[in-house]
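Take a look at the structure below.
Treat the numbers as computed from the prediction; the structure is a model and nothing was measured.
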Amino acid sequence: MRDRTFALREVRTGTDLETAFDVRREVFVVEQGVPEELEFDAYDAQALHICAVRTEDGVALGTARLLYGGHAPEPIAATEGLGALGRLAVTRAARGLGVGAALVRGIEDAGRARGLTVMELSAQTQALGFYERLGYVPYGDVYPDAGIPHRAMRRAL
């Protein structure tokens, strides 16, 4: 197993949240051309966010969020035990270091700690293999989200 040069940290301050937003802006808005008004939504204020930060200097390498319970859209809010992993973003410099997989596992752990039993996500089709390797199973048809093809996926926790 390779040494991890980063740590996961739950976002607890406004400064940490802005750091998470900076990563998402870099990946989704700048790299992928997602309009900023679609990337950031009302759920961000209530979601649980985590960041991966480089241990040597605290530089943010990636982020992800968890929606669950009353702070989530339907049908997640109405389904006991269901959470939604979303907004997973890893900076270009950190790709290939295991940051994405660690963020997925970190969100899953946070979900388990909150009593969740199933995690869903909306994967860009180019990332299906990544999520499948982590145990997620695609279902339903491909659909556009911010002009990018996506597919729903699910995993029991």
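Counting heavy atoms from C-beta outward, Y131 and V104 have side chains that approach closer than 4.5 Å. Residues R9 and D16 meet the side-chain proximity criterion, which asks for heavy atoms closer than 4.5 Å. Proximity of T125 to H150: side-chain heavy atoms (C-beta onward) are nowhere separated by under 4.5 Å. Counting heavy atoms from C-beta on, the side chains of V27 and V90 never come closer than 4.5 Å. By the 4.5 Å heavy-atom criterion applied to side chains, T91 and E26 are counted as neighbours. Proximity of P35 to V29: side-chain heavy atoms (C-beta onward) are nowhere separated by under 4.5 Å. Looking at heavy atoms from C-beta onward, T63 lies in side-chain contact with R24 at the 4.5 angstrom threshold. Annotation: side chain of T13 is not in contact with side chain of E18 (no heavy-atom distance under 4.5 Å).
Checked by atom type and distance alone, the side chain of H49 pairs as donor or acceptor with a backbone atom of D44 at under 3.5 Å. Between the side chain of R105 and the main chain of A101, no donor-acceptor pair closer than 3.5 Å is present. Side-chain atoms of T55 do not come within 3.5 Å of backbone N or O of A7 as any donor-acceptor pair. Here the side chain of S122 pairs no donor or acceptor atom with the backbone of A152 at under 3.5 angstrom.
Nearest approach of L8 to A52, heavy atoms of both residues: CD2-CB, 3.8 Å. Scanning all heavy atoms of the two residues, the minimum distance from A47 to L67 falls at CB-CD2, 3.4 Å. Residues V142 and P149 approach most closely at CG1-CB, 3.8 Å, considering heavy atoms. G62 and V23 get closest at one heavy-atom pair: CA-CG1, 3.9 Å. The shortest heavy-atom contact between A64 and I107 is CB-CG1, 3.8 Å. Residues L128 and A123 come closest through the heavy atom pair CD2-CB, 4.0 Å.
Side chains of Y68 and R114: a donor-acceptor N/O pair is present below 3.5 angstrom, by distance only.
Of the residues listed (R65, R87, R25), the one engaging E39 in a salt bridge (Lys or Arg N to Asp or Glu O under 4.0 Å) is R87, and it is the only one.
Electrostatic pairing of R151 and E132 does not count as a salt bridge here, judged by no charged N lying under 4.0 Å from a carboxylate O.
Atoms OH and CD1, from Y43 and I76 in turn, are 8.5 Å apart once rounded to the nearest 0.5 Å. Rounded to the nearest 0.5 angstrom, F6 CZ and L61 CG are separated by 7.5 Å. Going from atom CG of L121 over to atom CG of L134 covers 9.5 Å, rounded to the nearest 0.5 Å. Rounded to the nearest 0.5 Å, atoms CD (E80) and CG (L116) are 10.0 Å apart. For the atom pair CZ of F21 and CZ of F28, the computed distance is 12.5 Å after rounding to the nearest 0.5 Å. The distance from atom CD of E36 to atom CG of L38, rounded to the nearest 0.5 Å, is 10.5 Å.
Residue pairs meeting the salt bridge (charged side-chain N to carboxylate O under 4.0 Å, His left out) criterion with at least one partner in residues 120-129, sequence neighbours excluded, are E120-R154.
L85 and L157 end up in the same hydrophobic cluster when Ile, Leu, Val, Met, Phe, Trp and Tyr side chains are linked at under 4.5 Å. The cluster map of Ile, Leu, Val, Met, Phe, Trp and Tyr, joined by side-chain heavy atoms under 4.5 Å apart, puts V118 and L48 in different clusters.
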- Task: Go through the steps for C51 and V11 under the test side chain to side chain contact (heavy atoms under 4.5 Å, CB included), then give the verdict.
- Result: CA-CA 7 Å; C51 282; V11 169; 3.9 Å; yes
